[in-house]
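As structure tokens, the structure follows; a few thoughts come after it.
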Amino acid sequence: MDTILKTEHLCKIYGTGNNLVNAVQDVNLSIEQGEFVTIVGKSGSGKSTLLHMLGGLDHPTSGSIFIRDQNLFQMKEEERAVFRRRKIGFVFQAFNLISSINVWENIVLPIGLDGRQVDEVFVEDIIKTLGIENKLHNLPNTLSGGQQQRVAIARAIASKPDIILADEPTGNLDSKTSDEVVGLLKMSVQKYGQTLIMITHDEDIAQIADRTIVIEDGKVVR
Ligand SMILES: Nc1ncnc2c1ncn2[C@@H]1O[C@H](COP(=O)(O)OP(=O)(O)OP(=O)(O)O)[C@@H](O)[C@H]1O
Ligand SMILES: [Mg+2]
């Protein structure tokens, strides 16, 4: 098996004294290249904290994260920022699109920021897969929620990251649109050989993953 992401004794503590929260406690995960994993658990159980650390957005209190053989938090800050831009794509519940530029510009912006050439054939293929090819010149606020989330997904996939991390990407969508968007996300990551780790509250969505990780009080219980 080809492990792409591994955590060792990963912990995150917020606050001190009476305000101390063990948000993530001794998490040991191993995720294979191409796997689709969902993370479920009650509100406040530590899902987002875990996902943010996996993506290098938040520092662990202790423990390690390896992406392939690279220790994410032994890199210098700047090195980690570049690594994150190239290897990891994020999709959040709030779509985080830039309102003053059109759909195409939103999708290719991170590639430009990274100083890379846009692989136009690849990006156009993603856009067709996601069914937003007739919206490329639109501003984000002229799209429906489901369409905006598809743009955010296209943007995450377009920079060819190895891993896509999604935090309740369908939290703002109705159930029919949610199923569609997750279906497209799953199909896209399969097509491009990417690894998908997704937090969801939706049991139907959790079921279509290769594996589901259940978190309670910061611990992986299943
Ligand atoms: N910046 C912070 N400062 C202090 N405590 C925090 C911070 N972020 C999260 N926490 C706490 O850590 C715990 C885990 O929060 P987290 O956001 O990871 O939960 P979650 O499982 O994503 O919940 P939800 O399903 O509601 O999004 C909670 O008790 C939360 O209050
Ligand atoms: Mg959360």
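Atoms within each ligand, like the ligands themselves, are counted from 1 in listed order. The chain is numbered in sequence order, starting from 1.
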- Here the atoms of ligand 1 under 4.0 Å from any heavy atom belonging to H201 are 25 (O)

- Is there a nitrogen or oxygen of G41 sitting under 3.5 Å from a nitrogen or oxygen of ligand 1? no

- Note on the structure: Taking only non-hydrogen atoms of A23 and a 4.0 Å limit, the atoms of ligand 1 in range are 12 (O), 13 (C)

- The protein heavy atom nearest to atom 1 (N) of ligand 1 is Y14 CE2, 3.7 Å

Atom pairs and distances, side-chain donor-acceptor, residues 20-30, under 3.5 Å, sequence neighbours left out:
from, atom 1, to, atom 2, distance (Å)
Q25, NE2, D217, O, 2.9
D26, OD1, H9, ND1, 2.7
N28, OD1, H9, N, 2.7
N28, ND2, D26, O, 3.3

- Message: Taking E180 first and then K176, would you say they form a salt bridge - that is, a charged N and a carboxylate O separated by under 4.0 Å?
- Response: yes

- Taking the six-membered ring of F122, is the NZ or CZ of K160 close enough (under 6.0 Å from the centre) and on axis enough (within 45°)? yes

- Task: Verify the neighbour count for atom NZ of K191: are there more than 12 heavy atoms of other residues, nucleotides or ligands below 6.0 Å?
- Result: yes

- Per-atom contact, atom 9 (C) of ligand 1, protein heavy atoms, under 4.0 angstrom: yes

- atom 31 (O) of ligand 1: any protein heavy atom closer than 4.0 Å: no

- Task: Among all protein heavy atoms, pick the one closest to atom 17 (O) of ligand 1 and tell me residue, atom and distance.
- Result: S48 CB, 3.8 Å

- Message: Distance under 4.0 Å to a non-hydrogen atom of S45: what atoms of ligand 1 satisfy this?
- Response: 19 (O), 21 (O)

- Message: Against R68, only a single residue in L5, D2, T3 fulfils side chain to side chain contact (heavy atoms under 4.5 Å, CB included); can you say which?
- Response: D2

- Counting heavy atoms only, which part of K42 comes closer than 4.0 Å to ligand 1: side chain, backbone, both or neither? backbone

- Are I4 and F90 joined in one hydrophobic group, where the rule is that I, L, V, M, F, W and Y side chains link up if heavy atoms are under 4.5 Å apart? yes

- Query: Just distances here: any N/O of G46 and N/O of ligand 1 closer than 3.5 Å?
  - Reply: yes

- Query: How far is atom 26 (O) of ligand 1 from its nearest protein heavy atom, and which residue and atom is that?
  - Reply: S43 OG, 2.6 Å

- Residues which pass side-chain hydrogen bond (donor to acceptor under 3.5 Å, both in side chains) with D167, listed by chain and number, not counting sequence neighbours: S48

- Task: Please work out which of T49, N19, N22 has its closest non-hydrogen atom nearest to atom 15 (O) of ligand 1.
- Result: T49

- Item | Approximate separation, where rounding is to 0.5 Å, of I65 CD1 and Q70 CD | 13.5 Å

- Task: Among all protein heavy atoms, pick out the one at the shortest distance from atom 25 (O) of ligand 1; state its residue, atom name and that distance to 0.1 Å.
- Result: K47 NZ, 2.7 Å

- Item | Salt bridge K219-E216, side-chain N to carboxylate O under 4.0 Å | no

- Query: What is the number of protein N, O or S atoms that sit under 2.8 Å away from the Mg ion (ligand 2)?
  - Reply: 1

- For atom 13 (C) of ligand 1, find the nearest protein heavy atom and state the residue, atom name and distance (0.1 Å precision). G44 O, 3.7 Å

- Message: If you count heavy atoms of other groups shown closer than 6.0 angstrom to CG of N134, is the number above 12?
- Response: yes

- Across all chains, not counting sequence neighbours, the side-chain hydrogen bond (donor to acceptor under 3.5 Å, both in side chains) partners of R116 are D114

- Item | Non-hydrogen side-chain atoms of T7 and M53 separated by less than 4.5 Å | no

- Message: Other residues, nucleotides and ligands only: do more than 12 of their heavy atoms fall within 6.0 Å of CD on E32?
- Response: yes

- Protein heavy-atom partner closest to atom 29 (O) of ligand 1 - residue, atom, separation in Å: V21 CG1, 3.7 Å

